[in-house]
Amino acid sequence: MGKIAFVFPGQGSQFVGMGQALSEQSPAARQIFEEADAALGFPLSQLCFEGPEDELKLTANTQPAILTASIAVLAALKEKQPDFSPAFVAGHSLGEYSALVAAGALSFADAVKTVRSRGQFMEEAVPAGQGAMAAVLNMDRAALHAVCEEVTASGHPVQLANLNSPGQIVISGSAEGVKLAGEQAKTAGAKRVLPLNVSGPFHSSLMQPAADKLQAVLADISVQDAAVQVVANVTARPVTEAATIVDSLIQQVSAPVLWEDSVQWMVEQGVTTFVEIGPGKVLAGLIKKIAPADTTIISVQDMDSLSELLDGGVLC
């Protein structure tokens, strides 16, 4: 039998109403939302359940909201299947914090406070309008990297930010750098270049001020060795030691998210089932483009999808 990996979504998966029905049906999930409200000192649960959407989309709110919604699903799963442990956990960008909570490396309270600060630092790192991100479709990674290096050398920083799946790479950097790289990418054969509606140039060198501030926050919390191997965004390889986990989280703010590489590595280690835990189905869509066709991919975000997972006997 193949191995199972739990994966956790990042920013962009949020929606108003996420976790509400689950918290009404699962005492364990409800407790997670209550713990988030207490840790942050404001009703994050109300923002998740009722919005408004504009406030939920603010990076400093989105990050703790997605983390909380994801861990609430995990808590509901553990309520039903307390003894199951996956072979690996991983998360896309922000989702790596959910993965670390799942692996026992971070307490939920510490994680939700940390990602609240992380979101604030990322919003503050670059003045509004000066940074940008864009998705480049159907272009070779090496060719796009060369384009970004050429544009950066001209004085407009831009780099590969999210290596999501074959044919989908997000670039990030200064607004002018992203614009110029996008134009060159289309000239070089990219199918499309889609500007992203984000508040900053995430996972680029321009985020270094946020990484420096995050380092101070992480120094003040307790990070444990992980009980499950966590496949890190920055290396696409597992980390378990506390010191390495902290280093990875600091680097991750300004380094590319190697998601395609991470999924490929887990497949090479024998993973045949990926369970996406948290709001939306973004990761399931990406994994379908990376993993072999016979891979089992399941998204769990409410009691109905949780029941389907458990009734299917996948975790037995």
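Just so it is clear, the structure is predicted and the values come from calculations on it, not from any experiment. For reference, positions follow the sequence shown, starting with 1.
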Problem set entry | Intermediate values then yes/no, side-chain contact (heavy atoms from CB on, under 4.5 Å), S85 and V228 | CA-CA 8 Å; S85 181; V228 177; 3.5 Å; yes
Exercise. So with a 6.0 Å cut-off around CD of Q31, is the heavy-atom count from everything else above 12?
Worked result: no
Exercise. Taking atom types as modelled, is there a side-chain donor on S93 or Q11 under 3.5 Å from an acceptor on the other?
Worked result: no
For this session: Taking the side chain as every heavy atom from C-beta outward, state whether K80 and M303 have any atom pair closer than 4.5 Å.
Result: yes
Problem set entry | Which atom of M122 lies closest to which atom of V253, heavy atoms considered | CG-CG1, 4.4 Å
Exercise. For R237, does the CZ atom have more than 12 heavy-atom neighbours from other residues, nucleotides or ligands under 6.0 Å away?
Worked result: yes
For this session: To the nearest 0.5 Å, tell me how far H156 NE2 sits from S174 OG.
Result: 7.0 Å
Seminar exercise, completed: Between the CG atom in N162 and the CG atom in L196, the distance rounded to the nearest 0.5 Å is 8.5 Å
Exercise. Roughly how far apart are T68 OG1 and M18 CE, rounded to 0.5 Å?
Worked result: 8.0 Å
Problem set entry | K289 with E260: basic N within carboxylate O range, under 4.0 Å | no
For this session: Evaluate salt bridge (charged side-chain N to carboxylate O under 4.0 Å, His left out) for D261 paired with R141, printing each intermediate quantity in order.
Result: CA-CA 12 Å; D261 305 56; R141 181 189 298 194; 2.9 Å; yes
For this session: Flag yes if L44 and F15 sit in one hydrophobic cluster, no otherwise; membership is Ile, Leu, Val, Met, Phe, Trp, Tyr, and two members link when side-chain heavy atoms are under 4.5 Å apart.
Result: yes
Problem set entry | Residue pair A132 / V178: nearest heavy atoms and the distance that separates them | O-CG2, 3.3 Å
Exercise. How are the rings of F6 and F84 set to each other: parallel, tilted or perpendicular (split at 30° and 60°)?
Worked result: tilted
Problem set entry | Residue from I169, V136, I171 passing side chain to side chain contact (heavy atoms under 4.5 Å, CB included) with C148 | I171
Exercise. Could you walk me through whether Q252 and R118 pass the side-chain hydrogen bond (donor to acceptor under 3.5 Å, both in side chains) check?
Worked result: CA-CA 11 Å; Q252 187 219 56; R118 179 181 184 266; 2.7 Å; yes
For this session: Verify side-chain contact (heavy atoms from CB on, under 4.5 Å) between K186 and M139, making sure each step is shown before the conclusion.
Result: CA-CA 9 Å; K186 283 190 280 190; M139 186 169 182; over 6 Å; no
For this session: Please report the C-alpha distance between N197 and K57 in whole Å, then the side-chain angles of each, then the deciding distance to 0.1 Å, and finally whether the side-chain contact (heavy atoms from CB on, under 4.5 Å) criterion is met.
Result: CA-CA 10 Å; N197 182 20; K57 285 167 62 177; 4.0 Å; yes
Exercise. Would D212 and Q208 count as having a side-chain donor-acceptor pair, cut-off 3.5 Å?
Worked result: yes
Problem set entry | side-chain hydrogen bond (donor to acceptor under 3.5 Å, both in side chains) between Q224 and S222, worked out | CA-CA 6 Å; Q224 308 295 321; S222 175; 2.5 Å; yes
Exercise. With no hydrogens and no angle check, is any side-chain donor or acceptor of N233 less than 3.5 Å from a backbone partner on G91?
Worked result: yes
For this session: Answer yes or no: is there a side-chain heavy-atom contact under 4.5 Å between L283 and H92?
Result: yes
Exercise. If only atom types and distance count, is the side chain of S254 paired as donor or acceptor with the main-chain N or O of H203 below 3.5 Å?
Worked result: no
Exercise. Any sub-3.5 Å donor-acceptor pair from D225's side-chain atoms to A242's backbone N or O?
Worked result: yes
Problem set entry | Enclosure of K281 NZ (heavy-atom neighbours >12, cutoff 6.0 Å) | no
Problem set entry | Student check: side-chain heavy atoms of R116 and Q63 closer than 4.5 Å | no
Exercise. Roughly how far, to the nearest 0.5 Å, is the CD atom of Q14 from the CD1 atom of I66?
Worked result: 4.5 Å
For this session: State whether the side chain of S248 and the backbone N or O of T244 hold a donor-acceptor pair below 3.5 Å, judged by distance alone.
Result: yes
Exercise. Can D302 and S305 be said to form a side-chain hydrogen bond (donor to acceptor under 3.5 Å, both in side chains), step by step?
Worked result: CA-CA 6 Å; D302 52 27; S305 52; 2.7 Å; yes
Exercise. Roughly how far, to the nearest 0.5 Å, is the CZ atom of F88 from the NZ atom of K3?
Worked result: 5.0 Å
Exercise. Is L22 reachable from L47 through a run of I, L, V, M, F, W or Y residues, each pair having side-chain heavy atoms under 4.5 Å apart?
Worked result: yes
Problem set entry | Side chains of I290 and F274 in contact at under 4.5 Å (non-hydrogen atoms) | no
For this session: Identify whether F49 and V16 are in the same connected component of the hydrophobic contact network (ILVMFWY, side-chain heavy atoms under 4.5 Å).
Result: no
For this session: Supply the atom-to-atom distance T62 OG1 to L94 CG, rounded to the nearest 0.5 angstrom.
Result: 9.0 Å
For this session: Would you check if V101 and F8 make a side-chain contact, meaning some heavy-atom pair closer than 4.5 Å?
Result: no
Exercise. Below 4.5 Å, heavy atoms only, C-beta onward: do L100 and L249 meet side chain to side chain?
Worked result: yes
For this session: Look only at the side chain of E96 and the backbone of A90, and say whether a donor-acceptor pair between them is shorter than 3.5 Å.
Result: no
Exercise. Short question: side chain of S172, backbone of F202 - any donor-acceptor pair under 3.5 Å?
Worked result: yes
For this session: Apply side-chain contact (heavy atoms from CB on, under 4.5 Å) to S307 and D304, showing your working.
Result: CA-CA 5 Å; S307 295; D304 288 345; 5.6 Å; no
Problem set entry | Short side-chain to backbone donor-acceptor contact, Q301 and I277, under 3.5 Å | no
For this session: Measure the shortest side-chain to side-chain distance between L309 and V275 over non-hydrogen atoms and say whether it is less than 4.5 angstrom.
Result: yes
Exercise. Can you find a side-chain donor-acceptor pair between S26 and E79 that sits under 3.5 Å?
Worked result: yes
Exercise. Mind checking whether I298 and L286 sit in one hydrophobic cluster, side chains of I, L, V, M, F, W, Y counted as touching below 4.5 Å?
Worked result: no
Problem set entry | Donor-acceptor under 3.5 Å (T187 side chain, E183 main chain) | yes
Problem set entry | Nearest heavy-atom neighbours spanning M207 and P201 | CG-O, 3.3 Å
Exercise. Which pair of heavy atoms, one from I32 and one from A72, lies closest together, and at what distance?
Worked result: CG2-N, 3.9 Å
Problem set entry | Contact summary for A75 and A28, nearest pair of heavy atoms | O-CB, 3.6 Å
For this session: Please report the shortest heavy-atom distance between S23 and R30, naming the atom on each side.
Result: O-NH1, 2.9 Å
Exercise. Is the closest side-chain donor-acceptor distance between T272 and T295 under 3.5 Å?
Worked result: no
For this session: Verify whether one side chain among S45 and D37 offers a donor that lies under 3.5 Å from an acceptor in the other.
Result: yes
Exercise. Is any side-chain heavy atom of S117 closer than 4.5 Å to a side-chain heavy atom of L214?
Worked result: no
Exercise. So if you build clusters from Ile, Leu, Val, Met, Phe, Trp, Tyr with side-chain heavy-atom gaps below 4.5 Å, do V234 and L258 land together?
Worked result: no
